[in-house]
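Here is the structure we will look at.
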Amino acid sequence: RQRQMCIRDRCTIIGKQYHSAYEKFIYTVENKGNVLSFFCKFDLAEGAQKRVKGKIKALVQNKKFNVNETRLNYVKVYSA
């Protein structure tokens, strides 16, 4: 059985958009020079610092910033 990698760190929200089909927000966050993204039902402010915990779902190319991005699943967001 393959072990899943987890992220547990403080991040800065650099982008968000609302997806009406899922009724959730898609967040793009920065963590130590890395770009992460995830879905969340809560409306968080851009520029805010939050602690994020989640499992790595995929490694993809971010279309908006044209950089490598890590997609997270099973995400929990805590205050920083």
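Numbers here are sequence positions counted from 1.
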Which one of Leu36, Val35, Ile7 satisfies the side-chain contact (heavy atoms from CB on, under 4.5 Å) criterion with Val29?
Leu36

For residues 16-24, tabulate all N or O donor-acceptor pairs below 3.5 Å that involve a side-chain atom, not counting sequence neighbours.
residue : atom : partner : partner atom : Å
Lys16   : NZ   : Asp43   : OD1          : 2.4
Lys16   : NZ   : Leu44   : O            : 3.1
His19   : ND1  : Ala21   : N            : 3.4

Out of curiosity, Lys53 NZ to Cys6 SG, how far, rounded to the nearest 0.5 Å?
7.0 Å

Drop me the distance from Arg8's CZ to Arg51's CZ, to the nearest 0.5 angstrom.
11.0 Å

Find out if a path of hydrophobic residues (ILVMFWY) with successive side-chain heavy-atom gaps under 4.5 Å connects [X] to [Y].
X: Val67; Y: Ile14; result: yes
X: Ile26; Y: Leu72; result: no
X: Phe39; Y: Leu59; result: no
X: Met5; Y: Val75; result: yes

Shortest non-hydrogen separation from Thr12 to Gly47 and the atoms involved:
CG2-O, 3.9 Å

Closest non-hydrogen atoms of Ala45 and Ile13, given as atom of the first, atom of the second and distance, are O-CD1, 3.6 Å

Output, in order, the C-alpha distance, side-chain angles, deciding distance and verdict of side chain to side chain contact (heavy atoms under 4.5 Å, CB included) for Val77 and Phe42.
CA-CA 9 Å; Val77 179; Phe42 301 110; over 6 Å; no

Just grab all the side chain to side chain donor-acceptor pair (under 3.5 Å) pairs involving residues 26-39, residues at least two apart or on different chains.
Asp9-Asn31, Asp9-Lys32, Ser37-Glu69

